[in-house]
Amino acid sequence: MSIYDMTFEQLEEYFITKGEKKFKAVQVYDWLYKKRVKSFTEMTNVKKEVLSLLEKDFKMQPLTILKKLEGKDVCKYLFELEDGNKIEAVLMKHDYGNSLCVSTEIGCNMGCAFCESGRKKKERNLEVHEMVLQILAVEEDLKIRISHVVLMGIGEPFDNYDNVISFIHVINSGKGIDIGARHITVSTCGVVPKIKEFIKDGKQVNLAVSLHAPNDALRNELMPINKAYPLKPLMEVLKEYSKVTNRRLTFEYIMLDGINDTTECALELAQLTEGMNCYINLIPYNETSYIHYKKSSPENIMKFYDTLKKNHVSVTIRREFGSKLMAACGQLRSNYEEEK
Ligand code: SAH
């Protein structure tokens with residue numbers, strides 16, 4: 001396994017089982033995540049025997065940057081993994097900091113009708129290190145610090161639950177990269193049992209839910225997950241989330257021309273979310289070459305926004321990053337493969 005798979009607590013545990021002081025974990029985390037060394041031999045304050053132990057038990061390989069597309073406030077990466085699989089990450093520069101959108105799986109099984117990622121079925125989960133290394137690779141390449149992480153790249157985070165939770169532990173650790181829980185956002189299509197677990201495990205991490213439709217008929221059409229977990233149980237568990245965590249929930253709502261952007265939909269959406277501690281993020285749809293949906297016109301988006309506002313819904317419109325850079329979920333990978 002990779003050393004970047006290890007949460008701080010697991011590394012402490014590892015040293016204890018090897019008969020070493022658990023304090024070694026502090027040193028190793030410091031070398032990995034503060035000093036960012038590339039090999040165990042660079043960990044000069046760690047004694048030889050311990051280094052050979054680490055070398056025997058762990059790999060330390062970085063990700064390979066296969067392709068990079070740079071725009072004004074956005075930089076999109078295609079990485080190659082050790083087994084030849086490819087994953088994407090997108091760095092966005094906001095006025096409040098640098099946010100990285102990381103992938104959590106290779107492909108995705110959720111099959112949302114509008115989404116490029118789902119055109120490729122899930123091949124496997126990403127390992128913890130493959131998520132952690134997306135952050136390290138981008139920070140090194142751009143010589144920046146990433147302040148925010150959103151799990152909104154390829155994959156459904158709650159279909160790779162355990163690795164995603166460990167990943168959050170790794171990047172949240174004060175001994176390591178130290179990204180605050182409130183600066184981490186997990187986005188899910190609505191896997192209800194996992195949301196229940198997340199209420200217990202997620203601490204202060206933000207939750208975003210891809211809603212995209214205000215009723216079951218339309219949501220069934222757009223998102224197959226809705227057949228397993230329709231709006232009623234979804235909304236119930238989200239109300240529980242708000243009650244237990246006291247945190248404000250985000251609903252993502254992509255705007256598809258003529259599909260979910262009507263005034264009736266806006267009114268239904270206002271009713272659905274009434275009384276919830278949430279806000280709705282309207283996302284201009286990023287058109288892709290292989291899917292027939294079109295993005296709503298700016299006028300329709302504004303009209304939808306106004307209707308929600310009038311009905312006392314907190315709502316924002318997401319700034320469009322990198323649509324010219326194929327920043328929509330899964331686009332870079334599928335275009336790369338199409339080119340080959
Ligand atoms: N599986 C998770 C996270 C990955 S997708 C989820 O469903 O939330 C991140 C967000 O991008 C989701 O809201 C998804 O619906 C949205 N999305 C997918 N394709 C898109 C596109 N072409 N344009 C805009 N948003 C898209």
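Every number for a ligand or one of its atoms is a count from 1 in the order of the listing.
For E116, no nitrogen or oxygen atom sits less than 3.5 Å from a nitrogen or oxygen atom of ligand 1, counting backbone and side chain alike. In terms of polar-atom proximity, defined here as any N/O pair under 3.5 Å, E156 does make such a contact with ligand 1.
With a 4.0 Å cut-off on non-hydrogen atoms, I254 touches ligand 1 through its side chain and not its backbone. Heavy atoms of M110 found under 4.0 angstrom from ligand 1: none, in either backbone or side chain. Contacts between T188 and ligand 1 below 4.0 angstrom, taking non-hydrogen atoms only, involve the backbone exclusively. The proximity of E252 to ligand 1, defined as any non-hydrogen pair under 4.0 Å, is limited to the side chain.
Counting atoms of ligand 1 from 1 in the listed order, those under 4.0 Å from a heavy atom of G153 are 4 (C). Near G155, meaning under 4.0 Å from one of its heavy atoms, ligand 1 places the atoms 1 (N), 2 (C), 3 (C), 4 (C). Near C189, meaning under 4.0 Å from any of its heavy atoms, are these atoms of ligand 1: 6 (C), 7 (O), 8 (O).
H183 and H148 have parallel rings, their planes meeting at less than 30° on a 0 to 90° scale where 60° marks the start of perpendicular. Below 30°, between 30° and 60°, or above 60°: for Y4 and Y33 the angle between ring planes is above 60°, a perpendicular geometry.
Nearest to atom 18 (C) of ligand 1 by heavy atom, out of P157, C115, S210, is C115.
Within the cation-pi definition used here (under 6.0 Å to the ring centroid, within 45° of the axis), K194 qualifies as a partner of Y161.
We find that K239 and E236 are not joined by a salt bridge, their nearest charged nitrogen and carboxylate oxygen being 4.0 Å or further apart. The pair K38-E140 meets the salt-bridge criterion, since a charged nitrogen lies less than 4.0 angstrom from a carboxylate oxygen. E49 has no carboxylate O lying under 4.0 Å from a charged side-chain N of K18, or vice versa, which leaves the two without a salt bridge.
Side chain of T262 to backbone of C265: a donor-acceptor contact under 3.5 angstrom is found.
For the residue pair N206 / R247, a side-chain donor-acceptor distance below 3.5 Å is found, with atom types taken as modelled.
Using a 4.0 Å cutoff on heavy atoms, H212 counts as a contact of ligand 1.
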